[in-house]
Each structure stands twice: as structure tokens, then as C-alpha cells.
Visitor: 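Dropping the structure in here first, questions after.
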Amino acid sequence: MTRFTLRTRVTTAFLLVILVAAIVTALVVNVQRDSRAASDEEARTGAILVQHARLVAALTTTQAALRGYVITGIPDELSAYDSQRNTYQRLLAEISPLVRDPGQRGRLTRIRSSAEEWDRRASEVIALRSDGRDARALVAGRTAPQFLALRSELDAFEARQRILNDAAVQRRRAHVEYATIALTAVPVAAMLGVLLLFAATHMLILSPLAALANSARRVAAGDQDAPLPRVRNDEIGEVVEAFGEMRSAVQARTADLQRAHGELMTVINTAPAGLVVLNADGSIRLQNKAALHLLGNPPEDVEGRKAHWERMRTRTVTGREMPLEHLPAYRALAGLEILGEEVAIDRPDGEHTELLIAAAPIRDTHGVVTGAIAGFQDITRLRELDRLKDEFVAVVSHELRTPLTAIRGSLQLLLADDAVADAEHRELLTVASSSCERLVRIVNDMLDLSKIEAGRLDLHLAPLSVETLVHQAMDGIRPIADQAGVTLDVAITDVLPAVRADADRLTQALVNLLSNAMKFAPRGSTVQMRAEAWHGDVVISISDQGPGIAPDQLPRLFQKFRQLDSAGTRRTGGTGLGLVITKALIEQHGGTIAVDSVVGRGTTFIVTLPARDVDAPERQAAAVARGADYRPSVLLVGTMSESIAALAEGLKAAGLDVHQIAPGPDALELARRELPHAIVLAAGTDDGAARRFAKSVALDDAVREIPLIIALEELDMPRTPDEIEPYAAELASRIERLRRGRGQVTVLVAEDDADARMILRTVLERSGFCVVEAADGAEALDVAARTPLDAVLLDLRMPRVHGHDVIRTLRRNHATAAVPIIVLSGSHSERHSLYALVLGANAFIAKPAEPQALVREIMRIIGRDRVQ
Amino acid sequence: MGNDDTEGIFAIMNLLLVDDDPDIRLVARVALKRAGFNVTAVTDGLAALEAVRVARPDVILLDWMMPDMDGPAVCRRLKSDPASASIPVIFLTARSRQSEVSGGLALGATGYIVKPFDALTLGDEVRRLMGTP
């Protein structure tokens, strides 16, 4: 299909306009020329008339002169005649070229021959007269008629010439009028041309574009069926076509999206789990049918829904009130990911629902939280079944107790009585009795476990002496130990801090562990119980010299009814629940239990209990004191001499912590251990030992980052006592400057205890770090999101967001994934700290942290990262 | 039974045992008799109240769970009657829930013994709870 391109059309329009202009110009020129010609013609005919008049006058005069001469005979008259005759003949000759009209030319010829005839006759008359004869009659008879004939010829000529002249005048006038009209036509034509061009532009370009824009706007506004402008055979037509194609494509894609969305909504709506998507402001963006159902069909409108939510009461599954904003979905808005949390909800309609909720933040490409998604599942029935199970176990155990009491009592009383004398009978009764004892223990353990699992184990926590607990447990197990021929050994290594515990329950746990050890301890071996203080916790370990546990069996150790089959087990009637209960009891106390076993050597259970923070204030005060004492440190390396000693004294006086040592491997070792802020190496010009030391520092990853200042003995080292003080001061300020250079290292101190935070800030700032603080987990995340950090010091037990969640979030976030995290492990258990390492923390330091150790640890971790 | 005699007139106490389970009644009676108690056993709460009215015991061993009138109800009745309010009541319970134990003590009970009890030390336990050696 050929296209009449816009270019062709526009060019055509322009050419057309130019053509019109040319035609108009030619017309005007032509009219002008005609007008001029008419003018000339008028002048010519006018000139002929003038010449004619003069000719007639000359002829008349000539005739008069002839007559005068003939009558008078005076020669003067004759000369007058001759001159007049010359005049008219000249005029006659002159008029001839002016005449162009053929009729007139004929007349002129006739006039000329008439005139010649007249002249010839006049000449005869004159000749007669000259002879003296009277020629008057001749004049009257010969020339006068001829003259009259000539005159009539001339009159005819004149009459005709006048007509011609009038015609010429008419023509000229007409032409002048044409010219005027033509000149007026030029601007009119120009205006018309411009109008034509404008019309063409409008029709060809502007109007279709406006129509297209209009259609586009209607399509954009959602009117997918808006009519498109008529498709024309040009570029605009192409644009319209392209727009139409685009609209179809968009419509197709929209349809695809709608279908996909519909499918997704169907999937979401048919999913049995509730699903709610929140906007960043907490309003609901989307919720599926299951969610509506589970939450008691909140109204559709925002206000109604808000009211609905506000009437909702949430509790933890253990019954503790939980503010609505603590729901996992809202916590996810704060950037946390909640893998699964059980929440009990009292709905406004009075229904009670228990939900298992998982929630995660939704982030945009920049990592900013733009909303949250929460998925939840109705676990009311599950929980109910769980409760029924617990109840069942409790009831069964309870129902078992009464007959057990009777059996046990009867057997005891029978055995206590001497009435049964027969040895075999006694043996049978003993078997029955011990089996009954075992049954009692199982029932008791099952009851304990069901209580623990139902969260109904009430602990009566009180400050307890660990020594007392250990001895109570030992006393409880001693009869069995004696019977089994096992020696008990108690080792309490430190003065132990008190623990906060339930005396009965903790003793039960320890007795369980001891009786477990007893089961495996060979006769004659020793079961040892040790208690010691470790990083503010109390660690109690119970070791036997039994067969040990194979590594593949270890995971089953704390599972219900999973007694490990191993050779040499003394079957003393375990219930298979002892360790499970023990673990649960210890964890209820905030402690941990771990096991360490070597096959053939024995097994050690390690219980770690958080020490009660009775002496926390004292410890903090001590830390403050240490913090205040903290000074920048320098390692002065140089063979001991008077000047070195003087310099060391000078540096100390300048406020530095100075270690002095001779160059060598020991010096390097000391540097690695102390990680001073600077190393000053006093060296002679040809000092091999100093050079080797400098080289070893440069090659050692642990210390290469420490600034090394070389003091040349010949040049720098002070010689006289009064030179020492300024030199030391200068050196001290140089070290201080170097130390301040660490200001680029920004450390976040996340710690909820204001005092502890202050101490850490003081210590770190004195050490040249730049410190930012956070008083809880949420604040820590907030700061981490805003501030580029080089390291994070993190307390785990913090309000709002737990340290574990902080680590999780930091590690998941791209910007903070690599930031070193040092966990401040406080009086709580090692388990939490270890878990923090699992989550991605780099190290942990026991609280209260030694300033030197803290700085060292930070430098070590940052330094290591730098090396990498 | 010379032993009983030598332990003295002071040691012989009248004990009222209230339990709906005949086996428990038997075992406890034997155990307590051996421990030197003079035991009267009844099977329910009403009988217990009647027994208290007729023969004032020195101590009452009261089962928690019984048909018709349960242990706490009996205890409440005994403690609300000035005539019997001063008699020590010891609960015998198969449950060891903290709430029940403290609930029992709140009713004015002297103590509780959890089933299954140790038949050989039951008497000693009762004496210990009563504060008599």
C-alpha cells in the first residue's frame, strides 16, 4: 500500500501556493505591460490627430497663399506658398509612419495622391500666373475642387482617426482598471495561500494528533473501548495504528494479569491458612477468606474493621495478655521475621481462636519495609487435643495412683512384716515391690512432664546456695550409690554465686542426673559432681566413668521414652523420662544442659545456670572504675637502657599505659596479646634485632594494623633528662592522633541497661572508636538501618526486639550482612550466646567486659575482616 | 505389742481415716496401726462428719476426691464448726498440683500427703505434719 506521506502532502501544498503566487505575478506583469501598450497607442493616435490638425492648417494656409499669389501676383505670396507647401509636405511625410491602421493607411495614400494632384494643378496655375496670365479662373476651376477633395479625404481620415483615438483611450482606461484589480489580487492571493497552508497543516497534522491524544487520554482513564481516529494513509495513520496495537497489547496483558490475579486470589482464598497482607501503616491491603473466617469476618470498611480489631483481645497461649501491636504481623512491620508464634485471640463475636502465626516484612528493592505478610493457621483444635492429651495423661496418672498406693503399701507392709519367711516368697514380693516403685516413678514422671509441657509447672524461685543444692542432691543419691558400690565425689571449686531456683525442682533435676550416672557407673568407680563459676554463670557437671555414649546416640538422649541401649547398662528401672524432665526443668530455670561423652571413658552432663544478679551493682561499679582507669597503651620495644627507662617513665607521665620489652619473639608475642594502640621501637641505625622485629610486626596479621613508630636512637631519642619530657609528650600526642584515627570505626552499642551502655561508650570512646547507642533491639535495627557500622556490640536480652532477632535481621539485610557482631553475653546462659553465633554473630564476650579485652576483640574482628 | 506400750501413752493417737477406696483404707489402716495410731476408717464425707461428732479424733486423714462430698467440702464443714475446728486435717491426695495443695492449706488443713504414699513412713509423716515427734 503506497503511502501519501505527510512530506509529500505538505510539499504539495507549498508548491501549490508558490504556483499560485507565480501565476498572480505573471498576471500582474502582463496587465502592466498591456496597460503601458494601451497608453502608447493612445499617445500615438493622439499624435496623429495633432499632426493631422497641423496638416490641415498647413494645407489651408497653402491654398490661401496660392490664391493670394494668383490674385495679386506678388512674389511674396508665392514664397509664402512655397514655404507652406514644404510644411504640409513635411507634415504629410511625418504623419505617415505614425499611422498603422490599414484603412487609415489607405486613406493616407489617397490623401497623398490627392495632395500631389492638387500640388500639380497648383503648379500649373502658378506657371500660368508667372507668365502673367490671369489664372484666377483656373484656381477656381482646377485647384479649388481638388483642394476640397483633399479636404474631404482629410476629414474622413480625421473622423476615422478620432474613432481610433477614442477606442485607444477606452482601452487604456480598461487596462488601468485591470492593473488596479490585479494589484489588489496579490495580497488577497497571499492571504489565501497562508490560509491554505494553515488549513492543510491543521487537517493533515494537528487535528489527527489532537484526536489521537484525546483517544489516548480516554484509554488511560480506563475507557478501553474509546474510538481511535480514522486511520489515514500517512505517518499519523501509522501512529494511530501503532497506538491501536499498543492498546490491544495492553488490553491483552491486562487481561492476562487479571486472570493471573484471579487465579492467585482463588488459590489464596481456597488455602486453608489465613493470609493477611498489611500496608506499612498497618492497614490491611489484602486478606483471604480463611483469614476473614478465622478473625470473625471483620467488616469491609476501614472504620468498621478498625473497631473490630480494637475489640479483639490477644493473649499468649500461656494466657498472658498481649497488646495488639505485639501481634507478629505488626512486629513484621518493624522488620522482623516471625517463623511461628502461637497466639490466642478472643474475637469480638465471642469466639476463642488459637492461631499459629508466621509473619515477614515485605521490602522494596531498597530494602525499605513497605508492608508485611502474615500467614496463620487455626490451631484451636490442635491445642484442644493437646490439652485433652495432657488432661488424659494427668487423669490416667491420677487414676493409676490410687491402686498403686494400695499395691505399694501392701507390698511394703508385707515385706516389712516378718510374716513372710519363705525366701522365695520374699524374693517374689521384692520383685513386685521394685516393679511397683518403677511404676510409681513412671507415673510421677509422666505427670511432671505433662505439667511441664502444658506450661503449668510453677517454680517457686528463691535465691539458693549452690553448695546446699549440690549436697542435697548428693545426700539423696547416697543410699543408691552405697548400694551400687559407687564412690561419690563433690568438688566445689569457687565461691559460687547464688542462683535463683526452685529448690525441690532443681534438686530433682540434679538427682535425676546423678541417678542416671549411677545407672552406668561400674562398681568401684567414682561419680563426680563439680560446681564452679564461669563468666557469671554457675556450671554444675556430673561425670561418670561408665561406658559412655556413642555420638550417634547423643541426639536421642533427651527424647521421651528413649532409653539408650548400651552394653553394661544396669537395669535399675529408668522411666525413659528422667533426662527429658531434667532438661525441661533446667531450661525452666533459664539454664542449659549439655552432654559430653567419650565411649569407654564416661559421660559428663554439664548444667549451666544463670547466677542471680545479686552482685550486679558491685560488678558494674568495678567496671566503671576499670573504664575510668583505661588509658591508651603503648608497647615500648628496645633493649633496656637508661634512656629507654627514662622514656618509659616519660610516656607513663604523659598518660599512657606502657609495656617495655626488648625486641624479639617475646616482644611480638606481647604485642599480639596486648594489642597496644601503638608500638614504639627504639632502634639503633645498625640494629639487626630491631629490624627483624619491625619485619615480624609487618608480617603478622594480628598486629600489622598497629601503628609502629620508630625512634632512632642517634636522631630521635632524648639524651638529657630535660629532653625526655617534651619528647614523651610529643610521642604521646602522636599516638593519641593515631588512635583517634580509629574514629572512622563506628561501633553500635545495643544494650538496654543505661549504666552498662555508658560504661561501654566510655571505654570505646577512650579507645578512639566512634560510638552510637541503642537502648533496645528495635532501636538497634533502626540505627543500623541509618548508620554505616563497623561493628555491633549486642546485648541479647533486650526489650521490644530480642538480640537474636536483631542478628537475624542484620544478617538478612544486605547492608549489614557483613558487619561484625559481638554478643555481650551477660548473666544468661551460654546457650543463647551459642545460638547467637549460629545466627551469625562473630563472637561473644562475657559481661562485664574487660575494656582491654573488648577493644582487642573488636580490633581483632575488624582487623581480620580488613585482611580478608 | 510391748513396743506400742513402751512408746507411751502419749504416742497413741486417735486417727480418723476418710477414703472411698477400700484398698487404700486397708493399707493405710495397717500402716498407721503399725505406726501406733488408733485408726477409725470411714468411706465418705458424711460418715466422717458423723464420726468426728461421735468420737473426737486427734487427727483426720482426708482423701481429696470422694463422691458426694469431697475432701475440701468436709474440711470446710469441720473448720466452720467450732467443735471440730481445732482438729488437724491432713489431706491425702493423688494430685500434686500446686493450686490444690495451696487451696487445701487455705481451707485450714495442716498439711497434705501425696499418693502414692510410702506405707512404711506414713505414720511418721503424719506426726511430722502435726508437729509431734
Side-chain angles (χ1 to χ4, degrees), chain A residues 319 390-391 393-420 429-430 432-452 454-461 479 502-505 508 581 588, chain B residues 1 3-4 15 17-37 39 41 43-44 61-67 70-71 90-105 111-126:
Chain A
D390 288 343
E391 193 66 19
V393 169
V395 169
V396 166
S397 309
H398 175 242
E399 291 304 321
L400 285 173
R401 278 181 171 204
T402 307
L404 269 178
T405 311
I407 299 169
R408 185 194 200 190
S410 306
L411 289 170
Q412 280 176 333
L413 292 169
L414 271 179
L415 278 169
D417 206 353
D418 293 338
V420 186
L429 280 175
T430 310
S433 180
S434 68
S435 292
C436 183
E437 290 302 324
R438 186 168 167 206
L439 208 51
V440 169
R441 276 201 303 278
I442 291 176
V443 168
N444 283 343
D445 281 356
M446 276 170 65
L447 262 180
D448 277 351
L449 201 62
S450 77
K451 270 190 226 166
I452 289 167
R456 283 200 298 263
L457 185 77
D458 305 309
L459 293 179
H460 294 275
L461 297 176
D502 182 313
D504 289 345
R505 290 307 191 169
Q508 182 191 350
I581 291 168
Q588 293 257 318
Chain B
M1 291 287 174
N3 270 353
D4 284 348
L15 184 144
L17 176 66
V18 192
D19 201 312
D20 59 320
D21 189 303
D23 296 346
I24 299 292
R25 282 206 303 276
L26 175 66
V27 172
R29 195 165 62 201
V30 173
L32 290 166
K33 265 190 180 161
R34 284 196 191 175
F37 286 90
V39 182
T43 60
D44 58 50
L61 209 50
L62 184 61
D63 188 25
W64 185 279
M65 237 173 36
M66 287 183 296
D70 66 0
I90 295 169
F91 274 114
L92 204 54
T93 171
R95 302 196 171 194
S96 57
R97 274 191 204 163
Q98 223 79 40
S99 56
E100 291 179 3
V101 169
S102 49
L105 294 181
Y112 60 93
I113 290 169
V114 178
K115 288 185 203 169
F117 51 76
D118 187 332
L120 298 181
T121 59
L122 182 62
D124 294 343
E125 191 66 13
V126 170

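Throughout, a chain's letter reflects where its sequence line sits, starting with A, and its residues are numbered from 1. In what follows, every heavy atom counts, from backbone to side chain, and hydrogens, waters and symmetry copies are set aside.
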Visitor: Quick check on D63(B) against chain A: is it the side chain, the backbone, both or neither that has a heavy atom closer than 4.5 Å?
Guide: neither

Visitor: Could you report the tightest heavy-atom contact between A119(B) and G409(A), atom names first, then the distance?
Guide: CB-CA, 3.4 Å

Visitor: State, with a plain yes or no, whether a side-chain heavy atom of L413(A) is found less than 4.5 Å away from one of V27(B).
Guide: yes

Visitor: Can you tell which of V30(B), D118(B), L26(B) has the highest number of heavy-atom pairs within less than 4.5 Å of chain A?
Guide: D118(B)

Visitor: Please name the pair of heavy atoms, one in P116(B) and one in V440(A), separated by the smallest distance, quoted to 0.1 Å.
Guide: CG-CG1, 3.5 Å

Visitor: Can you tell me how far the CG atom of L415(A) sits from the CG atom of L120(B), to the nearest 0.5 Å?
Guide: 8.5 Å

Visitor: Quick one: are V114(B) and R401(A) in side-chain contact, heavy atoms under 4.5 Å?
Guide: yes

Visitor: Can you tell me how far apart OG1 (T405(A)) and CG (L92(B)) are? Round to the nearest 0.5 Å.
Guide: 7.5 Å

